[in-house]
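Okay, so here's the structure we're looking at.
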Amino acid sequence: MTYISKAQRQLDGDLLLRTDTQALLYRTVQELAARLQAEKDGRPVGDPTDCLRALTALQDKLGLFHGDLPSVNDLLGDPHREMVARNLLKGC
């Protein structure tokens with residue numbers, strides 16, 4: 001198995017990702033996005049073991065998150081609420 005360095009936590013809470021860990025992160029995101037798009041389009045999807053292997057390795061390299069994980073809406077904002085707010089601003 002290829003050695004991939006772990007993410008290092010900085011004092012301010014940020015993660016330092018080495019090049020190999022960044023490549024694994026981007027590859028995992030790319031594989032999952034392609035898989036989800038294929039399922040959405042109704043195309044046959046290949047073997048899920050590659051995605052699972054990549055996710056498992058990525059979780060191992062990123063380490064545990066201390067505390068409760070915020071929801072996606074907490075992290076990125078609620079798209080429906082933002083659309084309503086944008087439309088209300090357009091009306092002014």
Side-chain angles (χ1 to χ4, degrees):
M1 182 174 167
T2 303
Y3 175 77
I4 297 177
S5 59
K6 288 193 172 200
Q8 296 176 350
R9 296 202 185 280
Q10 301 296 307
L11 292 176
D12 60 359
D14 289 343
L15 284 178
L16 174 65
L17 301 177
R18 308 263 174 152
T19 305
D20 55 355
T21 310
Q22 285 181 4
L24 177 62
L25 175 63
Y26 289 124
R27 171 53 67 187
T28 304
V29 169
Q30 186 180 32
E31 293 282 333
L32 287 174
R35 186 170 186 77
L36 289 172
Q37 187 62 45
E39 286 180 7
K40 181 181 173 188
D41 295 342
R43 289 181 280 142
V45 181
D47 188 20
T49 55
D50 287 341
C51 286
L52 291 175
R53 280 184 57 212
L55 273 175
T56 302
L58 185 60
Q59 287 174 333
D60 179 50
K61 299 308 171 194
L62 291 178
L64 295 175
F65 184 83
H66 300 292
D68 294 330
L69 280 173
S71 70
V72 174
N73 281 343
D74 290 342
L75 292 170
L76 301 177
D78 185 3
H80 179 68
R81 245 170 105 190
E82 289 178 16
M83 182 182 66
V84 169
R86 210 173 303 121
N87 287 339
L88 288 173
L89 287 174
K90 285 180 185 178
C92 294

Can you name the residues that form a side-chain contact (heavy atoms from CB on, under 4.5 Å) with Val29, not counting sequence neighbours? Leu25

Heavy atoms from other residues, nucleotides or ligands near CG of Asp12 exceed 12 (cutoff 6.0 Å): yes

Contacts of Ala23 meeting side-chain contact (heavy atoms from CB on, under 4.5 Å) (sequence neighbours excluded), chain-then-number -> none

How long is the span from the CD atom in Gln10 to the CD atom in Gln8, to the nearest 0.5 Å? 7.0 Å

With a 3.5 Å distance limit and no angle check, can you tell me whether Thr28 reaches the backbone of Leu24 through a side-chain donor-acceptor pair? yes

Gap separating the CG atom of Leu17 from the OH atom of Tyr26, nearest 0.5 angstrom: 8.0 Å

Got a list of side-chain donor-acceptor pairs under 3.5 Å for residues 48-59, not counting sequence neighbours?
{"residue": "Thr49", "atom": "OG1", "partner": "Asp47", "partner atom": "OD2", "Å": "2.6"}
{"residue": "Thr56", "atom": "OG1", "partner": "Leu52", "partner atom": "O", "Å": "2.8"}

Evaluate the side chain to side chain contact (heavy atoms under 4.5 Å, CB included) criterion for residues Arg9 and Leu15: first the C-alpha distance (whole Å), next the side-chain angles of each, then the deciding distance (0.1 Å), finally the verdict. CA-CA 5 Å; Arg9 296 202 185 280; Leu15 284 178; 3.3 Å; yes

Can you list the residues that meet the side chain to side chain donor-acceptor pair (under 3.5 Å) rule with Arg43, with sequence neighbours excluded? Asp41

Pairs involving residues 13-31, ordered by first then second residue, that meet salt bridge (Lys or Arg N to Asp or Glu O under 4.0 Å) (sequence neighbours left out): Arg27-Glu31

Sorted by first residue and then second, give each side chain to side chain donor-acceptor pair (under 3.5 Å) pair with at least one member in residues 75-84; sequence neighbours left out. none

